[in-house]
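Down below is the structure, laid out as structure tokens.
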Amino acid sequence: MQEYKPFKEGKVREVYDVGDHVVIVATDRISAFDNILMNKITDKGAILTQMSRFWFDFTKDVVKNHMISVDVKDMPEFFRQERFDGNSMMCKKLEMLPVECVVRGYLAGSGWASYQENGTACGIKLPEGLQESSKLPEPIYTPSTKAELGDHDENITFEQSIDVLEKIYPGKGEYYAAKIKDYTIELYKKCEEYALSKGIIIADTKFEFGLDENGEVVLGDEMLTPDSSRFWPVEGYEPGKGQPSFDKQFVRDWLKANPDNDFLLPDEVVEKTVGKYKEAYELLTGTAFER
């Protein structure tokens, strides 16, 4: 049996090169404030992978995506081990674009902090009188650069995203920048409307795109998981304050409230976190989570 080692390791995911394809494994690690925490969150990797699978299927009419299979039987023999079952996705190889495509439909997080300072979210002027968690008149696109492990992503303007892409793809920067912006807004609108019908508000999220062998834009990475999105329950939603969430905001809040934490969570926070992830998965997909 051929053994494989990850050629790329992020805070949560490991990527293996298996010849014509890659296998992306979502581990049970959890990160917050750009640090990997000491705890493992049981089943988290599998929930993220199965949720991405659901959304990739749901949006394949909008844009092509990189997913081939989440069944380890379709992967090289090495991946037919328990530790890879359920949390691995075999994908097309893409040349990833160095822009994180962030879209915000509600005013929260760094967008809200920036609005309080100067009435903008990441440089985009917003109407006066908005409150924390307000729904925006239209979703806004606030791209960022992708940081290396341990560094912070940096917000950039749409114009700056053209420059970033133009340097790598001369003559095509504007084309690719516009394409990924349009796909980002279209994906968000379709999924946000669907999620609302299932009792979840997608306040904001991020997508990543790459190019296939023909230079076509393809959706990659993960999609609309609690790690890459801010999910709120529709029930009890009320602008003017922070909202309870299905994502790792719960973990961030505990870490902020306990500054001497050494990035180690108590068991009850771990259990509540995985419970939130499962609840979001089951509401969105309409099926019970099974590993």
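Throughout, residue positions are numbered sequentially from 1 according to the sequence presented. What you see is a predicted model, and the numbers here were worked out from it, not measured in a lab. Just so it is clear, the values below take in all heavy atoms, side chains as well, and ignore hydrogens, waters and symmetry mates.
For the pair L224 and F207, the tightest heavy-atom approach, listed with the atom from each and the gap, is CG-CE2, 4.1 Å. Residues I180 and A177 come closest through the heavy atom pair CG1-O, 3.4 Å. Between G220 and L94 the shortest heavy-atom distance is CA-CD1, 4.1 Å. The two residues I185 and P139 make their nearest non-hydrogen contact at CD1-O, 4.0 Å. When all heavy atoms of V22 and K92 are compared, the pair lying nearest together is CG2-O, 4.1 Å. Of all non-hydrogen atoms in M51 and A280, the two that sit nearest each other are CE-C, 3.9 Å.
Going from atom CG of L283 over to atom NZ of K198 covers 9.0 Å, rounded to the nearest 0.5 Å. Atom CE of M75 is separated from atom CG of D85 by 9.0 Å, given to the nearest 0.5 angstrom. With rounding to the nearest 0.5 Å, the separation of CD1 in I202 from CG in L187 is 10.5 Å. Going from atom NE2 of H21 over to atom NZ of K93 covers 9.0 Å, rounded to the nearest 0.5 Å. A distance of 8.0 Å separates CZ of F246 from CG of L284, quoted to the nearest 0.5 Å. Put simply, CG on D71 and CZ on R80 are 9.0 Å apart, with the number rounded to the nearest 0.5 Å.
Looking only at atom types and distance, the side chain of N118 has a donor-acceptor partner in the side chain of T120 under 3.5 Å away. Between the side chains of Q131 and S134, no donor-acceptor pair is found at a separation under 3.5 Å. Remark: the T27 side chain and the R13 side chain contain no N/O donor-acceptor pair separated by less than 3.5 Å. For the residue pair S144/E154, the side-chain donor-acceptor check at 3.5 Å is not satisfied.
Of the possible polar contacts, none joining the Y115 side chain to the C122 backbone as a donor-acceptor pair under 3.5 Å is found. Under a 3.5 Å cut-off, the side chain of Q243 and the backbone N or O of E238 do form a donor-acceptor pair. With hydrogens and angles ignored, the 3.5 Å screen pairs no side-chain donor or acceptor of Y141 with any backbone N or O of F158. No donor-acceptor pair closer than 3.5 Å links the side chain of S229 to the backbone N or O of F231. No side-chain donor-acceptor contact under 3.5 Å links S228 to the backbone of T205. Under the 3.5 Å distance criterion, the side-chain polar atoms of R230 are left unmatched by any main-chain donor or acceptor of S245. Checking side-chain atoms of S133 against main-chain N and O of K241 turns up a donor-acceptor pair under 3.5 Å. Of the possible donor and acceptor atoms, one in the side chain of Q81 sits under 3.5 Å from a partner among the backbone N and O of F78. No side-chain donor-acceptor contact under 3.5 Å links N258 to the backbone of N261. Formation of a donor-acceptor pair under 3.5 Å by the T59 side chain with backbone atoms of V62 is not found in this model.
Under the 4.5 Å side-chain criterion, counting only non-hydrogen atoms from C-beta, Y277 is in contact with L48. Using a 4.5 Å heavy-atom cutoff, the side chains of V103 and D204 are not in contact. Y183 has its side chain out of reach of Y188: every pair of non-hydrogen atoms, C-beta onward, lies at least 4.5 Å apart. Taking 4.5 Å as the limit, every side-chain heavy atom of E132 sits out of range of all side-chain heavy atoms of L107. Looking only at side-chain heavy atoms (C-beta outward), M67 and D57 come within less than 4.5 Å of each other. With a 4.5 Å cut-off on side-chain heavy atoms, N87 and V25 count as touching. You'll find the side chain of L165 reaches within 4.5 Å of the side chain of L97, heavy atoms only. Here the side chains of P233 and I200 are not in contact, with every heavy-atom distance at 4.5 Å or above.
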T145 vs N155, test: side chain to side chain contact (heavy atoms under 4.5 Å, CB included). Steps then yes/no. CA-CA 7 Å; T145 55; N155 292 331; over 6 Å; no

Between I124 and T142, does the side chain to side chain contact (heavy atoms under 4.5 Å, CB included) criterion hold? Intermediate values first, please. CA-CA 8 Å; I124 296 171; T142 60; 3.9 Å; yes

Steps toward side chain to side chain contact (heavy atoms under 4.5 Å, CB included) verdict (F209, T184): CA-CA 9 Å; F209 296 90; T184 295; 3.5 Å; yes

Could you give me the CA-CA distance, side-chain angles and deciding distance for E216 and K64, then say whether side chain to side chain contact (heavy atoms under 4.5 Å, CB included) is met? CA-CA 9 Å; E216 273 193 71; K64 287 197 295 188; 3.6 Å; yes

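The residues K8 and D17 are annotated as not salt-bridged, no charged nitrogen and carboxylate oxygen being separated by less than 4.0 angstrom. Salt bridge absent: E138 and R104 never bring a charged side-chain N and a carboxylate O closer than 4.0 Å. Between K172 and E166 there is no salt bridge, since no side-chain N of the basic residue sits under 4.0 Å from a carboxylate O of the acidic one. A salt bridge between E208 and K206 is present, with a side-chain N of the basic residue lying under 4.0 Å from a carboxylate O of the acidic one. Contact check on R29 versus E14 returns a salt bridge, with a Lys/Arg side-chain nitrogen under 4.0 Å from an Asp/Glu carboxylate oxygen.
Ring geometry for Y169 versus Y176: interplanar angle over 60°, hence perpendicular rather than tilted (30 to 60°). The aromatic rings of Y16 and F84 stand perpendicular to each other, their planes meeting at an angle above 60°, with 30° marking the opposite boundary. Using the six-membered ring where Trp is involved, F58 and F54 have ring planes that are parallel, under 30° apart on the 30 and 60° scheme.
Atom CD of E159 sits in a crowded spot, with more than 12 heavy atoms from other residues, nucleotides or ligands closer than 6.0 Å. In E174, the CD atom is not crowded: 12 or fewer heavy atoms of neighbouring residues, nucleotides or ligands sit closer than 6.0 Å. The environment of Y175 atom OH is sparse: at most 12 non-hydrogen atoms of other residues, nucleotides or ligands sit within 6.0 angstrom.
With K44 as the partner, the side chain to side chain donor-acceptor pair (under 3.5 Å) test is satisfied by one option alone out of T273, T49, D227, T225: D227. Checked against C91 for a side chain to side chain contact (heavy atoms under 4.5 Å, CB included), the options N65, I24, V23 give a single hit: I24.
Hydrophobic clustering places V70 together with F289 (ILVMFWY residues linked when any side-chain heavy atoms are closer than 4.5 Å, directly or through intermediates). When the side chains of ILVMFWY residues are joined at heavy-atom separations under 4.5 Å, either directly or via intervening members, F33 and M38 end up in two distinct hydrophobic clusters. Put simply, I47 and L37 are part of the same group of oily side chains (I, L, V, M, F, W, Y) that touch within less than 4.5 Å, one to the next. Both V63 and V99 belong to a single network of hydrophobic side chains, linked directly or stepwise wherever heavy atoms of I, L, V, M, F, W or Y lie under 4.5 Å apart. M96 and F7 fall into different hydrophobic clusters, where Ile, Leu, Val, Met, Phe, Trp and Tyr residues are linked whenever their side-chain heavy atoms come under 4.5 Å apart, directly or through other members.
Between W232 and Y106, a ring centre-to-centre spacing shorter than 6.0 Å is recorded.
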